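Quick notes on the structure that follows.
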Amino acid sequence: MPFKPANNIQDLQYFGEFGGVNPSISDSSTYTFLSAKTMFDTFEGNADGCYLYSRHSSPSNLYLGEALAAMEGTETANVSASGMGAITPVLLQLCSAGDHIVSSRTIYGGTYAFLKNFIPRFNIETSFVDITDLEKVEAAITKNTKVLYCESVSNPLLEVADIRGLSQIAKKHGLKLVVDNTFSPLSISPAVLGAHVVIHSLTKFINGSSDTVGGVVCGTQEFINNLRNVNDGASMLLGSTMDSLRAASILKNLRTLHIRMQQHSKNASYLAEKFEADGLKTVYPGLKSHPSYELFKSMMNPQYGFGGMLTIDVGTLAKANELMELMQKRNLGYLAVSLGFYKTLFSAPGSSTSSEIPEHEQKAMGLTDGLIRFSIGLDADIERTYQMMRQCMVELNVL
Ligand SMILES: Cc1ncc(COP(=O)(O)O)c(C=O)c1O
């Protein structure tokens with residue numbers, strides 16, 4: 001049976017307290033108990049359905065978590081105040097001093113900075129590898145390795161991880177495969193392909209309106225319970241808790257994600273094909289020229305396409321900046337970091353979202369100065385957008 005993530009979301013039926021069509025928002029940080037014994041049992045984790053304190057769990061956050069777990073096909077999930085607020089507790093929960101992580105070298109700059117600069121303080125070391133080369137991945141594993149970490153589609157180079165292959169390596173060596181699926185919600189379902197833990201920055205496509213940050217960890221009940229444990233759970237103790245009002249608004253936006261992803265993918269695919277035909281160096285997983293086109297196809301839930309992200313290389317940072325400024329002036333999108341918005345967003349990752357990665361390492365991984373990352377919006381008439389973008393490129397001698 002093919003996995004149908006959008007059906008799983010659609011089939012969730014939540015009623016509000018007064019019969020509302022949306023679940024009621026839990027507007028409390030703390031909860032009363034009719035008996036002191038139940039309070040004690042709840043602290044011990046033995047009172048299902050009872051709420052204790054909203055840093056631990058709250059009805060609104062549980063509704064959103066349940067919906068995201070349904071989308072990813074995991075037992076359950078825990079939402080957090082940001083994507084980094086999901087990633088960092090997962091790694092700290094899975095690793096102790098002396099442990100080792102094998103990570104893709106092309107990942108979001110903040111995750112890279114955490115692995116490279118922050119957790120070595122706790123004696124947790126990371127080897128960064130070319131995630132598309134499974135032999136190199138396996139060769140980097142040591143006796144201390146606990147985690148294999150990657151993004152399904154990497155930020156910003158749009159490399160595609162072979163999640164089935166990585167999960168076999170993880171299984172063989174007794175590792176946890178942790179996959180950040182922020183760039184490809186609905187299109188790729190990492191847990192179905194063998195990942196143990198799936199993370200999203202909800203800030204991006206899932207929320208889709210660039211009005212909040214948020215994150216989620218999807219995994220087994222046991223792992224999520226561990227993260228929430230009052231004594232040693234990294235999510236509970238580090239305290240990156242989502243607010244109930246935000247959880248409620250993200251849940252409403254999640255209900256339209258399937259339609260939005262289809263439009264993001266349709267528009268990005270159209271532009272990628274046009275840019276490539278114009279002779280621009282274009283990277284998009286849906287182009288046959290992408291080295292992992294077949295791999296993506298073999299993993300995807302086809303109706304959601306190859307996603308809304310593409311890159312072009314215009315040669316130099318100066319040219320990239322000129323082009324982005326002109327496109328913003330012509331109202332084709334915003335010169336801004338982040339992604340998954342209804343309007344197109346563009347930025348030069350080398351000097352922004354990946355600036356945490358030292359220049360020589362950027363070069364080694366193919367992150368060039370003239371690279372522009374596009375998160376393509378929900379434009380109703382993408383042909384018109386293309387013509388206007390093309391005009392900007394012609395005026396600046398990019399084409
Ligand atoms: C792939 C990816 N993962 C994680 C994050 C971090 O998420 P947040 O900004 O919500 O903390 C980002 C942010 O840009 C991202 O692009």
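Counting convention: from 1, in listed order, for ligands and their atoms alike. Model, not experiment: these values are computed from the prediction. Computed over heavy atoms, backbone and side chain alike; hydrogens, waters and symmetry mates excluded.
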List the atom pairs, with distances to 0.1 Å, where a side-chain N or O of residues 309-317 and a protein N or O form a donor-acceptor pair under 3.5 Å, not counting sequence neighbours.
residue, atom, partner, partner atom, Å
Asp313, OD1, Gly315, N, 2.9
Asp313, OD2, Thr368, OG1, 2.7
Thr316, OG1, Lys319, N, 3.1

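The aromatic ring centroids of Phe183 and Phe205 lie 6.0 Å or more from each other. Taking the centre of each ring, Phe346 and Tyr334 stay at or above the 6.0 Å mark.
Counting only residues at least two apart or in different chains, salt bridge (charged side-chain N to carboxylate O under 4.0 Å, His left out) contacts with residues 384-396 comprise Asp278-Arg390, Arg330-Glu395.
Side-chain contacts under 4.5 Å among hydrophobic residues (ILVMFWY), followed directly or transitively, place Val192 together with Phe3.
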Quick check on ligand 1: any N or O pairs to the protein under 3.5 Å? One line per pair.
residue, atom, partner, partner atom, Å
ligand 1, 3 (N), Asp180, OD2, 2.6
ligand 1, 7 (O), Ser201, OG, 3.1
ligand 1, 10 (O), Gly83, N, 2.8
ligand 1, 10 (O), Ser201, OG, 2.8
ligand 1, 10 (O), Thr203, OG1, 2.6
ligand 1, 11 (O), Gly83, N, 3.0
ligand 1, 11 (O), Met84, N, 2.8
ligand 1, 14 (O), Lys204, NZ, 2.5
ligand 1, 16 (O), Asn155, ND2, 3.0

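Val153 approaches Ser184 most closely through the heavy-atom pair CG2-OG, 3.9 Å.
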